Structures are given as C-alpha cells and as structure tokens.
Amino acid sequence: MGLFDIFRKKKNETVEQESASESTEILSESESNSDASEDEQSTAVSENTSAVTQPMMEQVGLVNEDEAKIWQEALDKQKISTPQLTETETETETETETETETETETETETETTEQQIYDAGLKKSRTGFADRFNRFLANFRSVDENFFEDLEETLVGADVGFDMAIKISDELREEVKLKNAKRKEDVRDVIIKKMVDLYEADGINEDATMNFAPKGQTTVILFVGVNGVGKTTTIGKLASKYQKAGKSVLLAAADTFRAGATKQLQEWGERAHVPVVAGKEKADPASVVFAAVEKARDENYDVLFVDTAGRLQNNVNLMQELEKMKRIIQREIPEAPHEVLLVLDATTGQNALQQAKLFKNSSDVSGIVLTKMDGTAKGGIVFAIRNEMHLPVKWIGFGEKASDLREFKPEEFVYGLFKELVES
C-alpha cells in the first residue's frame with residue numbers, strides 16, 4: 001500500500017470515527033430522555049397510589065383510624081426506601097460506565113497521541129497549503145499552459161523547491177489528461193497524489209532510523225548546523241528522551257565560539273540529569289571532544305552527544321575544525337560518529353535547503369532534524385530536502401518542550417499536512 005493510499009485510508013477512518021461518535025451522542029441523549037420520562041411516570045404512579053390508598057381503606061371500613069396510621073407509615077417508608085435503592089443502583093451503574101469510558105479514553109489517547117501532535121504541529125503549514133491551493137484553484141478554468149505556470153509558482157511558494165515543482169508540473173501534464181480531471185476538486189487531488197507519490201519514490205532505500213553502536217559500546221552523535229536553528233536545544237531534548245528511556249547519556253559542549261553556548265547546554269544537562277563535558281571559553285573544540293570521548297568510553301556511557309560551532313558554512317577554518325573533531329572521535333572509537341545530524345530551522349525555507357547542501361558537502365551528514373515546524377506555513381521544505389538532498393528527516397520539532405521533538409513519521413506528516421485538502 002502506497003503512502004497516498006495510507007493517507008486516504010486514515011482519512012476515511014477518521015471520518016467514520018467522527019460519524020460514529022456523533023451517532024453515539026445522539027443515541028445517549030435519546031436514551032437519557034427516555035429514562036427520565038419513565039422515572040417521572042413511575043414516581044407519579046407511586047404518589048397517586050399512596051395518596052388514594054389510605055382514604056379508600058377508611059371509607060370501606062376495612063381498618064380503624066389507628067390501623068390506618070400504621071398502614072400509612074408503612075407506605076411512606078416504602079415510598080422513601082424504593083427511590084433510594086434505585087439511586088444507589090444508578091450511581092453504581094454510572095460509576096461502572098465512567099470507569100469504562102475512562103479506560104476507553106486512555107486507550108484512544110495512547111493510540112492517537114502521535115497523530116494529534118502532528119495535526120496540531122502542522123496546523124500553520126496545513127493552513128498555508130490550503131490557502132495557496134485555494135487561491136490557485138480559484139483561477140482555474142482549464143488545464144492549459146497558464147495552469148501549469150500557476151501551479152509551479154504555487155509549489156515554489158510552498159517551499160517544495162524549484163526542482164520538485166518542475167518535476168511535479170511535468171509529470172502532471174499527462175496524468176491530468178489520463179485522469180480526465182476537469183473539476184477543481186479532481187485537479188487538486190491529482191496534484192497532491194503526485195506530490196505524495198514523488199515524495200515516497202525519492203525516499204526508497206532511505207534509512208530514517210537512528211544508528212547505534214553494538215550493545216556495550218558508546219554511540220557518538222555529532223550535531224551540526226548554523227547558530228539560531230535550535231541545535232543546542234535539540235541536543236538537550238534528545239538527551240532527556242534517551243535518559244528517560246534508560247540510557248546513560250553524556251554531552252560535549254564543543255561549541256566554544258558562541259558566547260553562552262556552553263552554559264545553555266549545561267542548563268539542559270541539569271534539567272535532564274545528564275553530565276556535560278566543557279572547556280574554557282574559546283578553548284580548542286577538539287580538546288573538549290577528546291575529553292568527552294575518553295570519558296564516555298572509559299565510563300561506559302551509552303550515548304555521547306557532541307555540540308559543535310554554528311558558523312561552519314561561512315568559515316573554511318571552522319569546516320576544518322569539524323573534520324579535526326571527527327578524526328579525534330574516530331581515533332578513539334573507529335566506527336564513530338554513528339550519526340551526523342544536521343539541524344535546520346523549518347521557518348527559513350529555502351535558506352535551510354542551502355545550508356543542507358553546504359553541510360553535506362563538508363561533512364558526512366546522515367540525517368536531518370527539522371525544528372520549529374509549528375512556526376511555519378511552508379511545510380513543503382520536507383519535500384525539497386528529500387528530493388534534492390536525499391537525506392532522511394529523522395526528527396521533527398513542534399514546540400519548546402522536550403516531548404515536542406518527535407521521531408519523523410512520513411504517514412503522520414502527509415496526513416497532518418493534507419488531510420483538509422483531499423476529499424475522503
């Protein structure tokens with residue numbers, strides 16, 4: 001089953017769940033009203049019986065006045081005790097129903113948490129895509145050359161990249177005709193399906209999982225990226241995640257050029273209860289890395305995260321410094337670094353793509369961490385990175401909390417981005 005088919009299936013399931021939920025609410029209200037009517041009728045009958053019984057008994061002379069009082073007291077007691085019993089039974093049933101509902105809600109939350117996070121995190125991107133496509137389709141009259149020019153402009157504006165915009169446009173020329181797409185809705189669905197299909201095709205043989213050293217050995221993960229993209233924050237969040245997962249984590253503050261970088265990483269280390277190896281300000285970054293690798297290896301740490309300077313794309317000397325750090329790491333742990341993660345700010349759009357190209361040329365980048373995804377209306381950058389860089393997005397950030405950094409899941413991403421645009 002292709003990615004677009006998974007998307008359609010997920011959308012249909014969501015629609016069915018919403019319909020079932022609405023039906024259940026209506027049925028519950030109906031049953032509640034019915035139960036209330038029955039209770040009212042029962043109470044009315046009981047009251048009428050109690051009011052009429054005693055006078056009638058006196059009239060026919062079956063009992064005297066004293067006996068009648070005894071009968072009345074007995075009837076009153078029965079009237080009081082019966083509703084109490086009913087209320088107790090109802091409360092017990094309600095508690096049982098509440099417990100069942102709570103268990104069901106907990107199970108549902110566990111199952112849908114990831115989807116809900118992606119839906120909320122991609123809200124701006126989803127709205128941005130919808131606005132762009134709606135403006136594009138508002139001018140739609142026929143599938144002609146002007147149509148494809150407007151389409152390319154729309155896609156580039158959504159940050160999917162110029163190369164992918166042209167590729168989508170070229171491949172759609174024949175497909176739109178084959179699908180006989182004439183309605184706006186049909187044209188829109190064909191375009192999005194082609195985007196998803198191309199995205200999936202570009203990711204064949206792509207490894208989006210994290211690579212780890214064999215058990216008992218230290219995994220070294222190097223983080224690169226320009227200043228301001230959230231590199232140090234990402235390291236702190238991942239340190240917290242892995243520490244909570246039961247791994248022993250060590251951090252290396254090798255960004256000695258930026259004022260405050262070491263302190264920032266140390267603060268994250270304190271929050272995550274993770275130690276940080278640091279040097280003096282302006283110290284040789286390679287010396288910090290060497291000390292950290294030695295400590296990680298000798299004390300059997302599971303994971304070592306290495307923070308690096310953030311101006312590497314502009315300074316040849318700093319590029320060489322990065323290579324020096326890698327050589328030192330490999331001298332102590334030959335298979336390391338096991339990952340070189342490039343951190344990119346999604347809000348910078350095509351600038352992020354240019355950064356990816358520069359860093360890939362100077363270092364063996366193995367994956368992307370895309371931050372601040374909740375703050376951009378141009379989610380197409382994910383398509384551009386895969387299409388032009390052939391690098392997997394391994395982590396995606398939707399907010400400030402450690403829990404807002406999620407493993408990247410293509411199915412959830414595609415659904416979260418397009419779910420309101422494609423009809424079920």
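These figures come from a predicted structure and were not determined experimentally.
- Under a 4.0 Å N-O distance rule, the pair Asp307/Lys231 qualifies as a salt bridge.
- Taken to the nearest 0.5 Å, the CD atom of Glu294 stands 6.0 Å off from the CD atom of Glu332.
- Between Phe212 and Tyr242, the ring planes lie perpendicular to each other; the angle is over 60°, past the 30° to 60° tilted range.
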Query - Audit row: Val369, Leu342, side-chain contact (heavy atoms from CB on, under 4.5 Å) steps and yes/no - result: CA-CA 6 Å; Val369 180; Leu342 172 60; over 6 Å; no
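- In this structure the side chain of Phe223 reaches within 4.5 angstrom of the side chain of Val343, judged on heavy atoms.
- In this structure, Phe129 and Phe383 have tilted ring planes: the angle between them lies in the 30° to 60° band.
- The CZ atom of Phe418 sits 10.0 Å away from the CG atom of Leu122 when rounded to the nearest 0.5 Å.
- Between the Lys372 side chain and the Gly399 main chain, no donor and acceptor come within less than 3.5 Å of each other.
- Around the NZ atom of Lys357, the shell of radius 6.0 Å holds more than 12 heavy atoms that belong to other residues, nucleotides or ligands.
- Rounding to the nearest 0.5 angstrom, the gap separating the CD1 atom in Ile385 from the CG atom in Asp202 is 12.5 Å.
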Query raised in the report: Between Asp119 and Lys419, is a side-chain contact (heavy atoms from CB on, under 4.5 Å) present by the stated rule, with each step listed?
Result: CA-CA 9 Å; Asp119 285 354; Lys419 71 170 188 172; 3.3 Å; yes
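- When every heavy atom of Pro285 is checked against every heavy atom of Ala254, the shortest pair comes out as CB-O, 3.3 Å.
- Between Phe290 and Val288 the shortest side-chain heavy-atom distance does not fall below 4.5 Å.
- Proximity of the aromatic rings of Tyr118 and Phe413 is defined here by a centroid distance below 6.0 angstrom, and this criterion is not met.
- Val306 places a side-chain heavy atom less than 4.5 Å from the side chain of Leu304.
- Counting non-hydrogen atoms of other residues, nucleotides and ligands closer than 6.0 Å to NZ of Lys409 gives a total of 12 or fewer.
- No side-chain N or O of Asp345 forms a donor-acceptor pair with one of Thr371 less than 3.5 Å apart.
- What you find for Leu198 and Glu171 is that their closest heavy atoms are CD2-OE2, 3.5 Å.
- The minimum heavy-atom distance between Lys394 and Ser366, with the atom names listed, is CE-O, 3.6 Å.
- Using a 4.5 Å heavy-atom cutoff, the side chains of Leu344 and Gln355 are in contact.
- Between Lys123 and Asp374 the shortest side-chain heavy-atom distance does not fall below 4.5 Å.
- The cationic group of Arg406 does not satisfy the cation-pi geometry with Phe398, failing either the under 6.0 Å distance to the six-membered ring centre or the 45° limit from the ring axis.
- Scanning all heavy atoms of the two residues, the minimum distance from Asn211 to Glu339 falls at N-OE2, 2.8 Å.
- Counting non-hydrogen atoms of other residues, nucleotides and ligands closer than 6.0 Å to CG of Asp364 gives a total of 12 or fewer.
- From Asp131, atom CG reaches atom CG of Asn134 across 6.5 Å, with rounding to the nearest 0.5 Å.
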Can you give each donor-acceptor pair under 3.5 Å made by side-chain atoms of residues 147-164, sequence neighbours left out, with the distance rounded to 0.1 Å?
from   : atom 1 : to     : atom 2 : distance (Å)
Glu152 : OE2    : Ser169 : OG     : 2.8
Thr154 : OG1    : Asp150 : O      : 2.8
Asp159 : OD1    : Gln350 : NE2    : 3.4

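- The heavy-atom pair separating Leu370 from Ala346 by the smallest distance is CG-CB, 3.9 Å.
- Under the 3.5 Å distance criterion, the side-chain polar atoms of Thr219 are matched with a main-chain donor or acceptor of Ala213.
- To the nearest 0.5 Å, atoms CG (Asp197) and OH (Tyr199) are separated by 13.0 Å.
- Looking only at distances, no side-chain donor or acceptor of Thr347 sits under 3.5 Å from a matching main-chain atom of Gly375.
- Without hydrogens or angle criteria, Thr234 side chain to Gly230 main chain gives a donor-acceptor distance under 3.5 Å.
- Arg258 and Gln264 form a side-chain donor-acceptor contact under 3.5 Å, judged by distance and modelled atom types alone.
- The shortest side-chain heavy-atom distance between Arg327 and Glu323 falls under the 4.5 Å cut-off.
- Residues Thr308 and Val224 come closest through the heavy atom pair OG1-CA, 3.6 Å.
- You'll find the side chain of Glu206 stays beyond 4.5 Å of the side chain of Ile204, heavy atoms only.
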Query raised in the report: Can Lys247 and Tyr301 be said to form a side-chain contact (heavy atoms from CB on, under 4.5 Å), step by step?
Result: CA-CA 8 Å; Lys247 293 185 180 293; Tyr301 278 90; over 6 Å; no
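- In this structure, the side chain of Thr256 engages the main chain of Ala283 through a donor-acceptor pair within 3.5 Å.
- Within the model, atoms CG of Asp404 and OG1 of Thr233 stand 12.0 Å from one another, a figure rounded to the nearest 0.5 Å.
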Requested in this report: Apply the test side-chain contact (heavy atoms from CB on, under 4.5 Å) to residues Leu322 and Leu222: give CA-CA distance (whole Å), side-chain angles for both, the deciding distance (0.1 Å), then the verdict.
Outcome: CA-CA 10 Å; Leu322 179 58; Leu222 200 65; 3.8 Å; yes
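- For Lys241, the NZ atom is densely surrounded, since the number of other residues' heavy atoms within 6.0 Å is greater than 12.
- Contact check for Thr218 versus Asn300: no side-chain heavy atoms found under the 4.5 Å cut-off.
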